[in-house]
Amino acid sequence: MPMVRTLTRAAKQMLQGPRCGCQSIVTAVRFIGFSPRQVPSDASFHSVSFSETDHPRVLITGGLGQLGVGLAKLLRKRYGKNNVILSDIRKPPDSVFYSGPFIYSDILDYKNLREIVVNNRITWLIHYSALLSAVGEANVPLARAVNITGLHNILDIAAEHGLRLFVPSTIGAFGPTSPRNPTPDLCVQRPRTIYGVSKVHAELMGEYYNYRYGLDFRCLRYPGIISADSQPGGGTTDYAVQIFHDAIKTGRFTCNLKPDTRLPMMYIDDCLRATLEVLEAPASSLSMRTYNINAMSFTPEELAREVQKHMPELEVHYEMDAVRQAIAESWPMNFDDGNARKDWGWKHEFDLPELVTTMLNHLNTERVVAQAS
């Protein structure tokens, strides 16, 4: 503790001059930080920028979700296994733990997060930690802490150490007054969930830090993401995953949205590739810092017809859930992603027929393997 107090006094003298009061020291250091525009020109840090290394050093927060694990796999193939660190507050399964570096990281613990960035010479930070819509509505104070306070920690550390920061946004960042078909990059948003509100906050704060401090902030608004590697969790777009599991297991599917409810969707491989492409895009090519991305837009009825081309015996029924239907009707029906396609060459690979074929092949293979074992 004496050493900590000595270092604190030294930091105070360097940053503030001969002013006293422990509380004022903590407040000033925490909120002002070192932005790229505040670091002295002769300052020396252990962190290394991407331009000074062969590969970026990547930290992924909230890494145990399907997107974090999938993106880590993609980035490790590209940049090397040890250059990509997954982190989370949960215990990883063996398949994740032994696939590459994993570390405990709580985004609400500013000191711990800062130490991880410095000790591992992080240059890219991918921030997936968040409470999603249903969980967030059930516990608004926790969602506010994780999604907003945690984001502030991430922004300050990224600015201090000159990191390239990626924060995903979502179709949930729009609301009932937004234009829905198509939804452009710039328009009225006004979401009505704490998750959506926190994502709009993230977009605006990231863009402000880019303007104010030169932070290399990048953000993509994801549509509904479909993956065979994850179980549906009851979310509004999860019907588009549930139908494949039910088709294979029971041959009967009950949809909780109206058959004509149109939403933008994307297969996970396209989503991960888009994330990599925007991360690698030269800053000079980015006309904005938050982009829509899209692949396809379909209704439950259209998806069911496509699945029935492979499985004609599939029975489909509709039992609307009022809460999910209201959420879906406040979201975009179709994303306008023309700026992403123009600025950094975004182009999706999976349309609806390819999506359905890939999902059924993947799940059928898993079923055969499970039965054999």
Requested in this report: Pick out which of Asp270, Asn334, Asp337 makes a side chain to side chain donor-acceptor pair (under 3.5 Å) with Asn294.
Outcome: Asn334
Under the criterion side chain to side chain contact (heavy atoms under 4.5 Å, CB included), which of [options] is the partner of [X]?
X      : options                : value
Thr299 : Arg262, Lys258, Met333 : Arg262
Asn292 : Leu220, Asn339, Asp185 : Asp185
Thr237 : Leu257, Ile171, Ile226 : Ile171
Asn256 : Arg324, Met320, Gln242 : Arg324

Requested in this report: Report the C-alpha separation of Arg180 and Glu329 in whole Å, then their side-chain angles, then the decisive distance to 0.1 Å, and conclude whether the salt bridge (Lys or Arg N to Asp or Glu O under 4.0 Å) test is met.
Outcome: CA-CA 9 Å; Arg180 298 186 63 215; Glu329 290 177 358; over 6 Å; no
In Å and rounded to the nearest 0.5 Å, what is the [atom1] to [atom2] distance from [X] to [Y]?
X      : Y      : atom1 : atom2 : answer
Leu363 : His245 : CG    : NE2   : 5.0 Å
Asp260 : Tyr318 : CG    : OH    : 9.5 Å
Ser129 : Ile89  : OG    : CD1   : 7.5 Å
Asn120 : Asn83  : CG    : CG    : 10.5 Å
Glu349 : Thr358 : CD    : OG1   : 10.5 Å
Leu86  : Thr61  : CG    : OG1   : 10.0 Å

Report task. Dump the intermediate steps for side-chain hydrogen bond (donor to acceptor under 3.5 Å, both in side chains) on Ser285 and Asp343, then the final yes or no. Result -> CA-CA 6 Å; Ser285 71; Asp343 288 358; over 6 Å; no
SB check [X] [Y] (cutoff 4.0 Å):
X      : Y      : result
Glu203 : Arg221 : yes
Arg114 : Glu160 : yes
Glu277 : Arg273 : yes

Are [X] and [Y] in one and the same hydrophobic cluster, where Ile, Leu, Val, Met, Phe, Trp and Tyr link if side-chain heavy atoms are under 4.5 Å apart?
X      : Y      : answer
Tyr104 : Ile126 : no
Leu263 : Tyr195 : no
Leu132 : Ile60  : no
Tyr208 : Phe217 : yes
Ile154 : Val200 : no

Query raised in the report: Got a sec, which pairs hit side chain to side chain donor-acceptor pair (under 3.5 Å) with one end in residues 84-101, sequence neighbours left out?
Result: Arg76-Ser99
Do the non-hydrogen side-chain atoms of [X] and [Y] ever get within less than 4.5 Å of each other?
X      : Y      : result
Thr123 : Arg164 : no
Cys187 : Phe174 : yes
Gln66  : Asp229 : no
Cys219 : Arg289 : no
Asp336 : Thr183 : no
Leu67  : Ile268 : yes
Ile85  : Arg57  : yes
Ile293 : Thr275 : no

Taking [Y]'s backbone N and O only, do any of them form a donor-acceptor pair with [X]'s side chain (distance below 3.5 Å, no angle check)?
X      : Y      : value
Lys77  : Ala72  : no
Arg190 : Gly175 : no
Asp216 : Asn210 : no
Glu306 : Leu303 : no
Arg252 : Leu314 : no
Asp238 : Val241 : no

Query raised in the report: Going through the distances and angles, do Thr290 and Arg218 end up as a side chain to side chain contact (heavy atoms under 4.5 Å, CB included)?
Result: CA-CA 6 Å; Thr290 300; Arg218 303 173 184 216; over 6 Å; no
If you look at every heavy atom in [X] and [Y], which pair is closest and at what distance?
X      : Y      : result
Leu113 : Ser105 : CD1-OG, 3.4 Å
Tyr239 : Phe253 : O-CZ, 3.7 Å
Gly70  : Leu272 : C-CD1, 3.6 Å
Pro223 : Pro264 : CB-O, 3.4 Å
Ile327 : Ser330 : O-OG, 2.7 Å
Asp351 : Ala295 : OD1-O, 3.8 Å

Please state whether the rings of [X] and [Y] are parallel, tilted or perpendicular, taking 30° and 60° as the class boundaries.
X      : Y      : result
Phe166 : Tyr222 : tilted
Tyr291 : Trp344 : perpendicular
Tyr213 : Tyr209 : perpendicular

Query raised in the report: Are Arg341 and His348 close enough that a side-chain donor and a side-chain acceptor fall under 3.5 Å?
Result: yes
**Report entry** side chain to side chain contact (heavy atoms under 4.5 Å, CB included) evaluation trace for Met359 with Val307
**Finding:** CA-CA 10 Å; Met359 288 289 290; Val307 174; over 6 Å; no
Report task. For Tyr267, enumerate each residue passing the ring-ring contact (aromatic ring centres under 6.0 Å, His included) test, keeping only those at least two apart in sequence or located in another chain. Result -> Phe350
Take a 6.0 Å sphere around [atom1] of [X] and say whether it holds more than 12 heavy atoms from other residues, nucleotides or ligands.
X      : atom1 : answer
Glu319 : CD    : no
Phe97  : CZ    : no
Arg305 : CZ    : yes
Leu276 : CG    : yes

**Report entry** Partners meeting salt bridge (Lys or Arg N to Asp or Glu O under 4.0 Å) with Lys111 (sequence neighbours left out)
**Finding:** Glu115
